[in-house]
Amino acid sequence: MSESVYLLDIEGTVCPISFVQETLFPYFSAKVPSLVKSSDDSIKSILAQFPQHGDPLALQTHIQSLVNNDVKDPVLKQLQGTVWTQGYTDGEIEAPVYKDAIEFMKRKQSIYIYSSGSVQAQKLLFGHVANPNNAGSNELSLDLNPLIKGYFDINTSGKKLESSSYQKIVSQIGVAADKVLFISDNIKELEAAEAAGVGTLLAVRPGNPPIQQNHGFRTIERFDTL
């Protein structure tokens with residue numbers, strides 16, 4: 001491979017696709033009943049942006065409905081970000097980044113991240129990674145952020161299904177498109193990247209949805225093969 005810069009997706013690529021649905025969302029949902037009654041000024045200021053903020057029960061129902069239906073509500077995202085930040089800081093949440101992905105990030109010099117999650121959320125995740133070598137111990141979680149040269153999200157670079165987003169990222173990195181290798185579990189994202197002249201690899205990981213036949217992309221099951 002001639003690529004020298006690696007642009008990585010997160011869920012389904014470097015960590016299990018189930019992390020958000022099975023860890024982050026349930027963690028947040030469990031906090032909602034206490035959040036709607038919080039006396040914390042920062043929490044109250046966020047909650048005040050919801051129309052139902054004067055009725056704790058109605059507010060709780062509304063927030064949970066947004067979560068259940070995966071609604072991209074900006075106020076909900078702000079509230080979730082605040083809750084998850086505290087969870088990571090308290091050590092209640094650790095990101096299960098694959099061990100081979102961790103080793104890959106340590107071996108390579110030019111690692112960038114592109115996710116639909118905000119740059120803030122990306123930095124939180126990579127700053128609190130479960131240490132795969134210390135299962136069951138009290139070892140501190142790993143901070144992989146020093147290994148990452150840059151972060152991109154839909155606010156900084158555009159939607160992941162649009163080729164212009166990858167053109168913008170290549171321009172921001174400052175290299176030729178054919179020097180970038182984008183790794184993702186999403187074929188539509190890979191098609192957009194390929195249209196921008198970026199190299200691609202389809203991540204095939206445990207728990208990912210079955211992939212369509214004859215997709216035409218090179219695949220990768222483990223990062224230690226790169």
If hydrophobic clusters are built from ILVMFWY residues whose side chains come within less than 4.5 Å, do [X] and [Y] share one?
X: Val71; Y: Val67; result: yes
X: Leu201; Y: Tyr98; result: no
X: Ile17; Y: Tyr27; result: no

Just by modelled atom types, is the [Y] backbone N or O under 3.5 Å from a matching donor or acceptor in the [X] side chain?
X: Thr89; Y: Thr85; value: yes
X: Ser165; Y: Lys159; value: yes
X: Thr156; Y: Asp153; value: yes

Report, one line per pair, each donor and acceptor closer than 3.5 Å where one atom sits in a side chain of residues 76-84; sequence neighbours left out.
{"from": "Gln78", "atom 1": "OE1", "to": "Gln49", "atom 2": "NE2", "distance (Å)": "3.3"}
{"from": "Thr82", "atom 1": "OG1", "to": "Gln78", "atom 2": "O", "distance (Å)": "3.0"}
{"from": "Trp84", "atom 1": "NE1", "to": "Leu24", "atom 2": "O", "distance (Å)": "2.9"}

For [X] versus [Y], what's the shortest heavy-atom pair and its separation?
X: Cys15; Y: Pro96; result: CB-O, 3.6 Å
X: Ser163; Y: Ala195; result: CB-CB, 3.9 Å
X: Leu35; Y: Ile43; result: O-CG2, 3.9 Å
X: Leu142; Y: Ala130; result: CD1-O, 4.4 Å
X: Pro33; Y: Val36; result: O-CG2, 3.2 Å
X: Val129; Y: Ile102; result: CG1-CD1, 3.9 Å

Show me the pairs that pass ring pair (Phe, Tyr, Trp, His ring centres under 6.0 Å) and involve [range], at least two apart or across chains.
range: residues 167-196; answer: Tyr166-Phe182
range: residues 185-226; answer: Phe104-Phe223
range: residues 35-60; answer: Phe50-His62

Of all residues at least two apart in sequence or in a different chain, which pass the salt bridge (Lys or Arg N to Asp or Glu O under 4.0 Å) check with [X]?
X: Lys160; answer: Asp9, Glu189
X: Glu92; answer: Lys31
X: Asp90; answer: none
X: Asp143; answer: none

Asp40 vs Ser42, test: side-chain hydrogen bond (donor to acceptor under 3.5 Å, both in side chains). Steps then yes/no. CA-CA 6 Å; Asp40 184 289; Ser42 61; 2.3 Å; yes
Does anything in residues 42-56 pair up under salt bridge (charged side-chain N to carboxylate O under 4.0 Å, His left out), and if so which pairs, sequence neighbours excluded? none
Residue pairs passing the side chain to side chain donor-acceptor pair (under 3.5 Å) test where at least one lies in residues 99-123, sequence neighbours excluded: Lys99-Asn133, Asp100-Arg205
With Asp185, the side chain to side chain contact (heavy atoms under 4.5 Å, CB included) member among Ile10, Thr13, Ile220: Thr13
Please list, chain by chain and in numerical order, all residues satisfying side chain to side chain donor-acceptor pair (under 3.5 Å) with Asn68, sequence neighbours excluded. Gln64
Using the side chain to side chain donor-acceptor pair (under 3.5 Å) criterion, which residues pair with Gln21? Sequence neighbours excluded. none
